> 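Can you read through this structure? Questions will come right after.
Predicted, not measured: the structure shown is a model, and the values here were computed from it.
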Amino acid sequence: MTAPPSLAPPGAETSRAGRLYLVPMPLGDQSPAHCLPAATLEVVGRLRRFIVENARTARRFLSQVPLAGPLQALAMSELNEHSRPEALPPLLQPMLQGEDVGLVSEAGCPVVADPGASLVALAHTAGIRVVPLIGPSAPLLALMASGFSGQSFRFSGYLPQQPAECRDAILRLETESRRVPCTQVFIETPYRNGRLLDALLGTCDPATLLAVVLEVTLSGEEVIVRSIQEWRRQPRPALDRRPAVFLLSSPPVSAAARPRRRPS
């Protein structure tokens with residue numbers, strides 16, 4: 001078994017260590033040049049080692065990036081939801097020996113609704129500098145497009161799949177959005193989009209606003225913002241197998257609707 005890396009005090013970068021670059025990917029089949037800045041592509045192009053969620057997808061992405069050497073010469077290690085905790089320390093060894101490494105997400109930005117947070121946390125503990133590179137983030141782009149508050153928002157990732165648990169989660173998010181107030185942002189596996197929309201329309205208050213942002217940055221991009229009442233009345237967009245981000249914004253209860261206190 002590989003020995004764990006020697007750990008430096010938190011916040012102390014090991015002088016001889018390489019860097020961990022967080023590499024974003026396009027959100028669909030776009031060319032990286034379409035949505036990644038030249039500075040990001042330049043850094044990615046000179047890296048020779050990557051930690052990826054899926055090697056096949058990563059190689060397809062990297063084949064479109066101007067590389068300093070042949071694609072076949074790149075070293076790749078997989079890190080995904082099936083990886084065990086003991087697999088993390090060995091992934092840091094190349095960086096502790098001075099080599100820069102890229103962490104590649106399946107789509108969008110690493111760590112955001114993707115594996116990798118545990119490795120990033122361990123890298124900080126080991127004194128390795130973590131460098132996030134600029135690229136598309138579906139939750140943030142959807143928040144921008146929705147017109148909902150970006151001053152206070154919460155990204156909840158995937159909601160529970162069981163109907164009762166999903167309904168409870170929706171009610172909690174709606175209540176929090178009304179109380180704080182804040183925008184609630186969450187996602188779903190594309191083939192379950194319709195089921196989640198049904199749950200939202202069957203659970204939320206008619207006045208709550210729901211935004212559905214489909215295929216953001218892609219040719220089929222669609223941004224739909226309606227109250228729950230309007231969603232119930234109007235035709236629904238085609239959701240099946242389209243990447244989507246859902247956003248809830250529940251207006252505060254008006255003063256007239258709040259229960260009055262009894263005089264003391």
> Can you run down the salt bridge (Lys or Arg N to Asp or Glu O under 4.0 Å) pairs that involve residues 65-82, sequence neighbours left out, and say none if there aren't any?
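As it turns out, there is no salt bridge (Lys or Arg N to Asp or Glu O under 4.0 Å) pair with a partner in residues 65-82 once direct neighbours are skipped.
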> Not counting sequence neighbours, which residues clear side chain to side chain donor-acceptor pair (under 3.5 Å) with N54? List them please.
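Here the qualifying residues are T57.
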> Which residue pairs pass the side-chain hydrogen bond (donor to acceptor under 3.5 Å, both in side chains) test with at least one member in residues 132-148, sequence neighbours excluded?
none
> Output every pair passing side-chain hydrogen bond (donor to acceptor under 3.5 Å, both in side chains) with a member in residues 195-209, not counting sequence neighbours, ordered by first then second residue.
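Every side-chain hydrogen bond (donor to acceptor under 3.5 Å, both in side chains) pair that includes a residue of residues 195-209, provided the two are not neighbours, is E174-T208, D198-R236, T208-S250.
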> Checking D114 now: which residues fulfil side chain to side chain donor-acceptor pair (under 3.5 Å) with it, not counting sequence neighbours?
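Once residues adjacent in sequence are excluded, the partners of D114 under the side chain to side chain donor-acceptor pair (under 3.5 Å) criterion are S105.
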> Can you run down the salt bridge (Lys or Arg N to Asp or Glu O under 4.0 Å) pairs that involve residues 38-51, sequence neighbours left out, and say none if there aren't any?
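Residue pairs passing salt bridge (Lys or Arg N to Asp or Glu O under 4.0 Å), neighbours aside: R46-D100, R49-E99.
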> Which residue pairs pass the salt bridge (Lys or Arg N to Asp or Glu O under 4.0 Å) test when at least one of the two sits in residues 211-225, sequence neighbours left out?
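For residues 211-225, and leaving out neighbouring residues, the salt bridge (Lys or Arg N to Asp or Glu O under 4.0 Å) pairs sorted by first residue read E215-R242, E222-R242.
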> What pairs with T189 under side chain to side chain donor-acceptor pair (under 3.5 Å), at least two apart in sequence or on another chain?
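With sequence neighbours excluded, T189 shows a side chain to side chain donor-acceptor pair (under 3.5 Å) to R192, given in chain and number order.
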> List in chain and number order the residues that pass salt bridge (charged side-chain N to carboxylate O under 4.0 Å, His left out) with E53, two or more places apart in sequence or in another chain; answer none if no residue qualifies.
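With sequence neighbours excluded, E53 shows a salt bridge (charged side-chain N to carboxylate O under 4.0 Å, His left out) to no residue whatsoever.
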> If you look only at pairs with a residue in residues 60-71, which of them pass as a side-chain hydrogen bond (donor to acceptor under 3.5 Å, both in side chains), with sequence neighbours excluded?
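Checked against side-chain hydrogen bond (donor to acceptor under 3.5 Å, both in side chains) - neighbours excluded - no pair reaches residues 60-71.
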> Would you mind listing every salt bridge (Lys or Arg N to Asp or Glu O under 4.0 Å) that reaches into residues 153-166, with sequence neighbours excluded?
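Listed by first then second residue: R154-E176.
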> Under the side chain to side chain contact (heavy atoms under 4.5 Å, CB included) test, which residues partner S77, sequence neighbours left out?
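Here the qualifying residues are L91.
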